[in-house]
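Accompanying notes for the structure given below.
Just so you know, these numbers use all the heavy atoms, side chains as well, and skip hydrogens, waters and symmetry mates. Atoms within a ligand are numbered from 1 in the order they appear, just like the ligands themselves.
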Amino acid sequence: MDTSRNKYAMRLLWSLLAALLLGSVARAQTPNSCLDCHSALDPPYKVTGEQFSQDIHAQKGLTCASCHGGDPSKDDQDAMSKQAGFRGKIARKDVPALCGRCHSDGAYMRQYNPSLRTDQFAQYLTSVHGKLRAKGDEKVAVCTDCHGVHDLRPANDTRSKVHPLNIAQTCARCHADAVYMKGYSIPTDQFAGYSASVHHEALTVRGDLSAPTCTTCHGNHGAAPPGVSTVQNVCSTCHVFQAQLFESSPHKAAFESASLPGCVTCHSNHRIAHPTDAMLGTGAQSICTNCHTEGDAGYQAATQIAQQLDRLDTSVKGANEILDRAESAGMEVSDAQLEQDQARDSLTKSRVAIHSANPARVQQDVDAGLQIATKTHQEGASALKERDYRRKGLAWSLLAIVAVVIGLRLYVRQIERRPS
Ligand code: HEC
Ligand code: HEC
Ligand code: HEC
Ligand code: HEC
Ligand code: HEC
Ligand code: HEC
Ligand code: HEC
Ligand code: HEC
Ligand code: HEC
């Protein structure tokens with residue numbers, strides 16, 4: 001009983017000694033008194049080793065002193081003395097210059113990562129955030145609002161605040177907060193709108209990283225509202241064909257002279273929905289009738305284009321339906337089904353062509369689609385005819401078989417009735 005207790009005490013002593021030894025070796029290698037004290041402090045002074053080890057700066061060998069100054073080898077308050085170059089807390093207004101000190105220095109950054117851009121600070125100064133900050137505004141975004149601090153990760157890390165899937169939330173912290181944004185003249189519905197948009201759906205639901213988030217349209221560091229003349233450039237980086245057609249449309253010059261931005265006048269900027277054919281024509285959901293009235297050329301074009309699309313849509317649907325029926329009846333229509341894909345393509349193209357606001361231009365794609373849909377419809381119809389023909393044939397042969405069976409029965413009975 002006694003000996004085992006002694007053994008236990010000895011083991012405890014040894015492990016304590018070992019821990020002390022190992023601890024002091026580790027400390028001699030990377031003295032960081034800052035972390036030793038600060039991991040034990042309460043917020044906002046708390047910075048733990050676990051947290052800081054996630055930080056890209058720590059991973060690249062930088063320390064607390066790289067940003068705050070001070071002497072991490074002193075383990076008392078001398079660590080934070082003026083003599084040791086300690087700068088203390090970095091005020092919000094000084095953050096961009098602090099980060100920019102390294103990140104604008106091409107020669108310095110190249111030592112670590114030659115492919116990293118070094119224009120973030122310069123760009124930031126041109127943004128609405130940077131300009132207002134220069135005038136003494138303390139509420140606009142500074143580097144740490146978007147990137148975080150002390151566990152700052154590169155953008156391609158999914159946990160980074162600036163990863164494409166997290167960006168909207170990062171901007172929303174201010175831009176969707178009506179109380180925080182009180183006193184500014186801009187709305188606070190961008191995040192709500194964006195969250196309900198086709199772009200948000202494509203990015204988050206379908207995981208399509210080519211769909212835009214806030215910074216795709218506004219720039220990472222030069223965040224500014226696109227001016228009337230540049231909105232369309234934003235959209236056209238991705239929607240090339242719609243932009244080309246809009247360029248050649250009568251709306252290009254008309255919108256410009258009315259100071260209306262291109263695409264977003266019809267689609268909105270943040271709450272972009274799936275467009276429908278009902279946006280054309282003159283019905284309740286038409287957008288053309290927002291500006292055009294009965295009798296003018298735009299109104300006529302709207303009516304005409306809606307009819308063209310309706311005709312092709314009906315024709316494609318009709319062909320779809322008859323081919324599906326033929327297929328489920330077991331007829332071979334795979335070639336026609338393949339052709340039908342082209343008819344559906346033409347319908348899609350026609351919906352792009354509407355951006356010309358020119359019925360003659362839309363007609364080109366509509367005609368191509370109608371031609372194919374008429375053909376595939378015929379192929380579906382003749383497949384069904386063939387089926388009917390085969391059914392009739394089958395019916396006749398069944399009838400013949402039944403007749404033979406009945407005949408045989410009668411014959412057998414006759415034989416049976418004969419007296420033997
Ligand atoms: C002996 C413990 C100890 C050491 C070592 C230490 N700190 Fe501190 N530090 C504190 C305490 C406690 C505070 C809280 C406020 C105060 O007393 O100034 C603080 C405050 C700070 C602040 C906020 C100052 C302000 O004005 O709000 C920063 C930044 C800071 N320390 C960074 C560092 C850095 C960098 C190092 C290493 C070079 C370091 N500290 C080393 C204990 C320590
Ligand atoms: C890449 C630069 C950078 C590094 C490295 C860094 N900090 Fe900071 N730290 C900042 C900035 C910037 C702020 C101001 C916070 C803000 O803008 O929200 C700050 C704030 C602080 C504060 C003050 C919190 C407050 O609200 O009063 C403390 C304490 C602090 N840092 C300690 C540390 C310690 C300890 C380390 C090392 C483990 C460290 N920092 C590493 C940039 C850095
Ligand atoms: C003492 C110099 C220094 C300071 C000050 C500094 N950084 Fe860095 N930063 C670096 C280095 C070095 C790297 C690593 C680059 C690499 O290897 O990819 C880095 C990396 C980064 C990255 C990741 C880049 C990537 O995608 O690979 C971001 C983001 C970043 N820093 C933001 C900031 C912010 C925000 C601040 C201010 C709070 C800041 N940095 C302050 C030197 C610094
Ligand atoms: C309004 C939000 C915002 C602010 C403010 C901001 N950044 Fe960024 N930063 C981003 C986004 C978004 C990315 C890019 C993410 C990506 O590549 O998808 C980025 C990327 C970076 C990178 C990686 C290299 C690059 O350019 O792609 C560095 C380094 C960086 N920022 C430093 C800074 C510095 C330094 C400041 C302050 C002068 C700053 N950022 C201010 C949002 C911001
Ligand atoms: C720390 C809070 C904060 C964060 C985070 C923030 N912003 Fe801002 N932003 C502001 C404030 C405040 C203004 C000034 C409002 C004004 O322009 O009157 C502003 C202005 C803007 C403007 C100019 C609006 C105008 O028409 O004047 C744009 C665009 C913008 N921010 C985009 C973004 C984007 C994109 C993000 C995320 C990548 C972001 N902001 C993150 C606070 C923030
Ligand atoms: C598809 C591109 C696109 C995306 C994505 C986008 N914006 Fe915008 N944003 C615009 C356009 C275009 C304008 C200018 C509106 C105009 O002139 O009619 C604008 C205007 C703004 C403004 C100025 C004030 C206003 O509402 O007019 C702010 C602030 C803003 N956006 C923030 C954001 C934030 C935050 C996000 C992400 C949640 C975001 N934007 C996503 C294109 C976009
Ligand atoms: C970074 C590329 C990118 C930018 C910039 C962009 N979009 Fe998109 N857009 C997409 C992607 C990806 C989709 C999803 C495509 C899909 O649904 O198959 C999409 C979908 C759409 C749709 C719905 C299409 C449909 O068939 O339902 C409309 C309308 C649209 N965008 C309009 C705009 C407008 C207007 C702008 C400018 C304010 C814009 N987009 C900027 C990439 C972009
Ligand atoms: C005059 C109003 C108007 C303008 C300006 C406009 N659109 Fe459209 N857009 C529409 C209508 C209406 C539809 C719906 C067509 C349909 O589904 O029948 C549509 C459909 C779309 C679609 C999805 C359908 C498709 O396949 O094309 C995208 C993407 C699109 N527009 C992008 C843009 C872009 C980018 C711009 C700017 C270059 C733009 N639009 C300018 C009215 C407009
Ligand atoms: C934001 C207002 C606005 C919307 C929405 C709009 N237009 Fe226009 N449109 C104009 C203006 C302004 C003109 C040039 C003045 C004029 O001829 O009426 C114009 C001109 C036209 C023209 C040329 C007319 C001519 O005289 O040769 C056609 C065609 C046209 N629009 C069709 C459409 C169609 C189709 C839609 C719906 C998809 C539509 N517009 C939506 C404002 C608009």
Numbered atoms of ligand 6 (with element) below 4.0 Å of [X], judged on heavy atoms:
X    : value
H175 : 29 (C)
I186 : 29 (C)
C171 : 35 (C)
H270 : 6 (C), 7 (N), 8 (Fe), 9 (N), 10 (C), 19 (C), 20 (C), 21 (C), 30 (C), 31 (N), 33 (C), 39 (C), 40 (N), 41 (C), 43 (C)
C217 : 1 (C), 2 (C), 3 (C), 4 (C), 5 (C), 42 (C), 43 (C)
T213 : 5 (C)

Check each atom of ligand 1 against the heavy atoms of [X] and keep those under 4.0 Å away; list them by number with element.
X   : result
A79 : 5 (C), 38 (C), 41 (C)
D71 : 38 (C)
S33 : 5 (C)
D76 : 1 (C), 5 (C)
C64 : 35 (C)
K89 : 24 (C), 25 (C), 26 (O), 27 (O), 29 (C)
G88 : 29 (C)
D75 : 1 (C)

Please tabulate, one line per pair, the protein N or O atoms found under 3.5 Å from any N or O atom of ligand 9, giving the distance to one decimal.
unit_1: ligand 9; atom_1: 7 (N); unit_2: H251; atom_2: NE2; d: 2.8
unit_1: ligand 9; atom_1: 7 (N); unit_2: H292; atom_2: NE2; d: 2.8
unit_1: ligand 9; atom_1: 9 (N); unit_2: H251; atom_2: NE2; d: 2.9
unit_1: ligand 9; atom_1: 9 (N); unit_2: H292; atom_2: NE2; d: 2.8
unit_1: ligand 9; atom_1: 31 (N); unit_2: H251; atom_2: NE2; d: 2.8
unit_1: ligand 9; atom_1: 31 (N); unit_2: H292; atom_2: NE2; d: 2.8
unit_1: ligand 9; atom_1: 40 (N); unit_2: H251; atom_2: NE2; d: 2.7
unit_1: ligand 9; atom_1: 40 (N); unit_2: H292; atom_2: NE2; d: 2.8

Would you call [X]-[Y] a salt bridge at under 4.0 Å N-O?
X    : Y    : value
R153 : D55  : no
K317 : E321 : no
E339 : K375 : yes
K135 : D137 : no
D313 : R351 : yes
K161 : D145 : no

(request) Answer yes or no: are there more than 12 heavy-atom neighbours, outside E50 itself, under 6.0 Å from its atom CD? (result) no
(message) I'd like to check whether H218 has a polar contact with ligand 6, where a contact means an N/O of the residue lying under 3.5 Å from an N/O of the ligand.
(response) yes
(message) Quick check: closest heavy atoms across I167 and T215, and the distance to 0.1 Å?
(response)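 Reported closest heavy-atom pair: CG2-OG1, 3.9 Å.
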(request) Considering non-hydrogen atoms only, spot the tightest contact between P275 and H267 and give its length. (result)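 Closest approach of P275 to H267, heavy atoms only: CG-CE1, 4.1 Å.
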(request) Examine H38 against ligand 1 and note whether any of their N/O atoms are separated by less than 3.5 Å. (result) yes
(message) If the cut-off is 2.8 Å, does any N/O/S atom of M80 fall short of it from atom 8 (Fe) of ligand 1?
(response)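 Looking at M80, which is the residue asked about, there is an N, O or S atom under 2.8 Å from atom 8 (Fe) of ligand 1.
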(message) I want to check a possible cation-pi pair here: K139 against Y180, using under 6.0 Å from ring centre and within 45° of the ring axis as the test.
(response) yes
(request) Examine the proximity of ligand 6 to P187 and report which part, side chain or backbone, both or neither, has a heavy atom under 4.0 Å away. (result) side chain
Over 60° means perpendicular and under 30° means parallel, so tell me whether [X] and [Y] are parallel, tilted or perpendicular.
X    : Y    : value
H251 : H292 : tilted
Y194 : H200 : perpendicular
Y112 : Y108 : tilted
H57  : H103 : perpendicular

(request) May I ask whether G69 places a heavy atom under 4.0 Å from ligand 1? (result)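 Yes, G69 has heavy atoms under 4.0 Å from ligand 1.
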(request) State the CZ-CG distance between R133 and D94, to the nearest 0.5 angstrom. (result) 8.0 Å
